[in-house]
Amino acid sequence: MSDTTHTVNRTPPWIGADEFHQWVLHHDDLMIIDVRDGSEFETRHIPGSYHVPLHLLKEHTEEFAAQMALRVVLVCQSGRRAEEARKNLDAAGLSGARVLTGGVASYAAAAGGDITSGRSTWAMDRQVRMTAGSLVLASVLAGRFIHPQFRLLAGIIGAGLTVSAATNSCTLGRILSWMPWNRPVSEPTKSDILAQLAPHA
């Protein structure tokens, strides 16, 4: 992929919800890439966005980047996964992709943008906080009323969250994504995504 094909201002890498809303209204060449899990995408997403789960984007970055338009905005729940996707695309030669600050929620709230809603599922970040918090609380109570060694579980969870923050990864999130309530009705394949992106090359 040549540099001349994807030449967009490299800075800033982030875009606010209000400016993004104007892009949605006034730029036909805009390509919105949603990198969240399937269940999150089905719960609600920005109309017209392409669902490209982060794990697939990381596996096939160069192929997807070659099919993306000049004006690309990456979307997730908070911006963390979208930023990870941006770095992968940048390394593949697509240097102009932007990350939506605050994710889908900021677009719906701050900009008043349209959102397509489906089945109701908690966002993965919220599920992780609830699960980790519940395990810590349970371990503290069990340590108090059953056996002190149960408190070690709270320390293990704390260490895991620290490693997660330091490495910008989330093992607990990956585990929760396998749960039945997080399984999407359908998950796009590499071929599906390439077929959708191809007309915009």
Participant: Can you list the other members of the hydrophobic cluster that holds V163, where links are side-chain heavy atoms under 4.5 angstrom apart?
Facilitator: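 V163 clusters with nothing; isolated.
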Participant: Filter on ring-ring contact (aromatic ring centres under 6.0 Å, His included), then keep only pairs touching residues 83-105, sequence neighbours left out; what's left?
Facilitator: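 Qualifying pairs, neighbours excluded: none.
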Participant: Output a table of donor-acceptor pairs, distance under 3.5 Å, between side-chain atoms of residues 131-156 and any protein atom two or more places apart or on a different chain; print 'none' if there are none.
Facilitator:
unit_1	atom_1	unit_2	atom_2	d
T131	OG1	Q127	O	2.8
S134	OG	M130	O	2.7
S139	OG	L135	O	3.2
S139	OG	V136	O	2.8
S139	OG	A154	N	3.4
H147	ND1	Q149	N	3.1

Participant: Could you work out, with side chain to side chain contact (heavy atoms under 4.5 Å, CB included) as the rule, every residue matching R126, not counting sequence neighbours?
Facilitator: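 Scan of R126 (side chain to side chain contact (heavy atoms under 4.5 Å, CB included), adjacent residues dropped) gives W122, R129.
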Participant: Using the side-chain hydrogen bond (donor to acceptor under 3.5 Å, both in side chains) criterion, which residues pair with S191? Sequence neighbours excluded.
Facilitator: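 With sequence neighbours excluded, S191 shows a side-chain hydrogen bond (donor to acceptor under 3.5 Å, both in side chains) to no residue whatsoever.
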Participant: Identify, with sequence neighbours excluded, every residue that meets salt bridge (Lys or Arg N to Asp or Glu O under 4.0 Å) alongside E59.
Facilitator: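 E59 satisfies salt bridge (Lys or Arg N to Asp or Glu O under 4.0 Å) with no other residue.
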Participant: Heavy atoms only: give me the nearest V99-G79 pair and the separation to one decimal.
Facilitator: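 Shortest heavy-atom separation between V99 and G79 comes out as CG1-O, 3.9 Å.
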Participant: The criterion is salt bridge (Lys or Arg N to Asp or Glu O under 4.0 Å); which residues satisfy it with K190, sequence neighbours excluded?
Facilitator: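 Counting only residues at least two positions away or on another chain, K190 forms a salt bridge (Lys or Arg N to Asp or Glu O under 4.0 Å) with E63.
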Participant: According to the interplanar angle, ranging from 0 to 90°, do the rings of W23 and H27 count as parallel (below 30°), tilted (30 to 60°) or perpendicular (above 60°)?
Facilitator: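 Because their plane-to-plane angle is over 60°, the rings of W23 and H27 count as perpendicular.
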Participant: Who are the side-chain hydrogen bond (donor to acceptor under 3.5 Å, both in side chains) partners of T171, not counting sequence neighbours?
Facilitator: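 Listed in chain order: R174.
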Participant: Identify, with sequence neighbours excluded, every residue that meets ring-ring contact (aromatic ring centres under 6.0 Å, His included) alongside H60.
Facilitator: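 H60: ring-ring contact (aromatic ring centres under 6.0 Å, His included) contacts with F64.
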Participant: Can a donor-acceptor pair be found, under 3.5 Å and without considering hydrogens, that links the side chain of E40 to the backbone of D37?
Facilitator: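 Yes; at least one donor-acceptor contact below 3.5 Å.
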Participant: To the nearest 0.5 Å, what is the distance between NZ (K87) and NZ (K58)?
Facilitator: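 Answer for the NZ-NZ pair, K87 versus K58, is 11.0 Å.
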Participant: Looking at residues at least two apart in the chain, or sitting in another chain, which of them share a side-chain hydrogen bond (donor to acceptor under 3.5 Å, both in side chains) with T162?
Facilitator: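 T162: no side-chain hydrogen bond (donor to acceptor under 3.5 Å, both in side chains) contacts found.
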